[in-house]
Amino acid sequence: MSSYAMPSDWPTDERTARAVQDGLRTRVVLDEAGPPPGTGHVTGVDVAYDDERDVVAAAVVVLDAATLDVVEEATAVGKVAFPYVPGLLAFREIPTVLAALGELRSDPGLVVCDGYGVAHPRRFGLASHLGVLTGLPTIGVAKNPFTFVYEDPAAVRGSASPLLDGAEEVGRALRTREGVKPVFVSAGHRVSLDRACAHTLRLTPRYRLPESTRRADALCRSALRAAAG
DNA sequence: GCGACAG
DNA sequence: ATCTTGTCGC
């Protein structure tokens with residue numbers, strides 16, 4: 001039995017999905033600093049699809065936050081439950097992610113999502129949604145700026161600039177590798193933006209993307225091939 | 001109405 | 001996300 005239960009009223013249409021986001025957004029907690037970087041566990045989450053066969057595979061990889069060594073891995077396969085609609089990504093990814101999380105024996109610690117948290121049209125992206133449903137601290141690290149505006153950060157690793165939705169800073173463009181395109185970090189649930197960035201830098205000692213998501217990405221792809229392709 | 005648009 | 005070879009560079 002999974003300890004992370006999916007709501008029984010999972011929406012199947014866009015209208016209802018947006019209403020669900022509006023109903024849950026008030027539960028997002030943003031006044032907690034979150035776990036100190038380099039302590040406990042950090043868990044990467046990612047999902048791969050085979051829309052041709054209507055199959056989706058999710059992977060969660062738990063890392064030791066201090067060493068980045070793999071502590072535990074888990075995967076789950078399911079049917080695609082929602083189409084990709086910008087702003088509604090969570091409804092496509094979360095069902096299978098919850099199933100994979102439910103297979104873990106370890107405490108996930110901080111969950112790092114491939115996408116956004118509060119940097120979202122209704123301030124309730126994938127990372128925030130997953131955080132509210134599980135109660136776990138979460139952050140979002142995306143590869144693209146979505147609809148937000150930002151100034152290119154300085155070339156040196158560690159530089160950052162605000163990711164803006166109008167005048168509001170909803171996240172940060174963070175340079176994780178010298179001279180390489182930045183990643184886009186946002187708080188998800190129970191973690192501050194400053195700390196989300198600090199975690200992201202600790203997770204990127206060598207590559208642009210966090211080790212957690214790189215590991216989860218490789219794992220969900222192989223899980224998908226094993227299940228379908 | 002048209003274009004943009006996390007993964 | 002996914003379709004896809006070679007190629008430039010550290």
Side-chain angles (χ1 to χ4, degrees), chain A residues 14 17-18 20-21 25 28 44-61 75-98 100 111-132 138-150 155 157 162-166 168-174 176-189 193 196 200 205-210 212-229:
Chain A
E14 298 184 24
R18 291 194 183 84
V20 168
Q21 292 183 325
R25 54 186 295 183
V28 175
V45 172
D46 196 19
V47 177
Y49 302 91
D50 183 333
D51 288 298
E52 194 77 1
R53 305 191 181 190
D54 208 44
V55 177
V56 51
V60 292
V61 179
T75 61
V77 174
K79 280 192 66 176
V80 176
F82 206 89
Y84 170 66
V85 179
L88 301 179
L89 179 65
F91 297 96
R92 182 170 168 78
E93 312 219 323
I94 285 184
T96 317
V97 167
L98 287 177
V111 176
V112 180
C113 295
D114 190 2
Y116 282 117
V118 295
H120 177 275
R122 287 168 293 283
R123 304 292 179 271
F124 199 65
L126 171 64
S128 297
H129 201 147
L130 184 61
V132 166
T138 63
I139 68 173
V141 179
K143 299 182 287 297
N144 295 294
F146 199 7
T147 61
F148 307 111
V149 177
Y150 71 100
R157 167 180 149 80
L163 188 61
L164 306 169
D165 184 354
E168 182 181 355
E169 179 183 45
V170 295
R172 219 163 271 165
L174 180 65
T176 54
R177 284 203 68 190
E178 170 94 34
V180 173
K181 176 179 177 177
V183 294
F184 304 89
V185 181
S186 57
H189 181 60
L193 178 56
T200 301
R206 174 162 184 177
Y207 300 104
R208 177 192 176 226
L209 298 179
S212 41
T213 59
R214 295 184 72 252
R215 284 251 163 65
D217 178 75
L219 184 56
C220 69
R221 292 195 192 202
S222 64
L224 182 64
R225 294 190 317 179

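A note on names: the letters A, B, ... follow the listed sequences, proteins ahead of strands, and every chain is numbered from 1. All of these numbers come straight from a predicted model, not from anything done at the bench.
- Counting to the nearest Å, the C1' atom of B:dG7 and the CZ atom of A:Arg92 are 8 Å from each other.
- The side chain of A:Asn144 places no N or O atom within less than 4.0 Å of a non-bridging phosphate oxygen (OP1 or OP2) of B:dC5.
- We find the OH-CD distance between A:Tyr150 and A:Glu169 to be 15.0 Å, quoted to the nearest 0.5 Å.
- For B:dG7, the base is stacked against the aromatic ring of A:Tyr84, per a cut-off of 5.5 Å between centres and 30° between planes.
- Here the CZ-OG distance, from A:Arg172 to A:Ser186, works out to 11.0 Å after rounding to the nearest 0.5 Å.
- Rounded to a whole Å, the CD atom of A:Glu93 is 9 Å from the P atom of B:dG7.
- Per the geometry, CG belonging to A:Asp46 stands 15 Å off P belonging to B:dA6, to the nearest Å.
- Rounded to a whole Å, the CG atom of A:Leu209 is 9 Å from the P atom of C:dA1.
- Atom-to-atom, CD of A:Glu14 to P of B:dC5 comes out at 17 Å; the value is rounded to the nearest Å.
- Listed pair A:Lys143 / B:dA6 fails the phosphate criterion, with no side-chain N or O lying under 4.0 Å from OP1 or OP2.
- A:Gly140 comes within 4.0 angstrom of no nucleic acid atom, judged by non-hydrogen atoms across all strands.
- Closest to the side chain of A:Phe146, out of C:dT2, B:dC5, B:dG7, is B:dC5.
- A:Leu163 comes within 4.0 angstrom of nothing in the nucleic acid, heavy atoms only.
- Enclosure of atom CZ in A:Arg122 by more than 12 non-hydrogen atoms of other residues, nucleotides or ligands within 6.0 angstrom is indicated.
- Relative to the side chain of A:Thr147, the nucleotides B:dG7, B:dC5, C:dT2 differ in distance, and B:dC5 lies closest.
- Taking a 4.0 Å limit (strictly below) on heavy-atom distances, residues 212-219 of chain A does not reach DNA chain B anywhere.
- For C:dA1, the OP1/OP2 oxygens have a side-chain nitrogen or oxygen of A:Arg221 closer than 4.0 Å.
- Interatomic distance, CZ of A:Arg206 versus CZ of A:Arg214, reported as 8.5 Å (0.5 Å rounding).
- Separating the CG atom of A:Leu88 from the C1' atom of B:dC5 is a distance of 11 Å, rounded to the nearest angstrom.
- Closest to the side chain of A:Asp114, out of C:dT2, C:dA1, B:dA6, is C:dA1.
- Across the protein-nucleic acid pair, A:Tyr116 atom OH and B:dC5 atom C1' stand 11 Å apart, rounded to whole Å.
- With rounding to the nearest 0.5 Å, the separation of CG in A:Leu193 from CG in A:Leu174 is 9.5 Å.
- The distance from atom CG of A:Leu130 to atom CG of A:Leu98, rounded to the nearest 0.5 Å, is 6.0 Å.
- No engagement by A:Ala119 is indicated, since no non-hydrogen atom pair under 4.0 Å with the nucleic acid exists.
- The CG-P distance, from A:Leu126 to C:dA1, rounds to 13 Å in whole Å.
- Nearest to the side chain of A:Leu224, among B:dG7, C:dT2, B:dC5, sits C:dT2.
- The distance from the CG atom of A:Asp217 to the OG atom of A:Ser222 is 10.0 Å, given to the nearest 0.5 Å.
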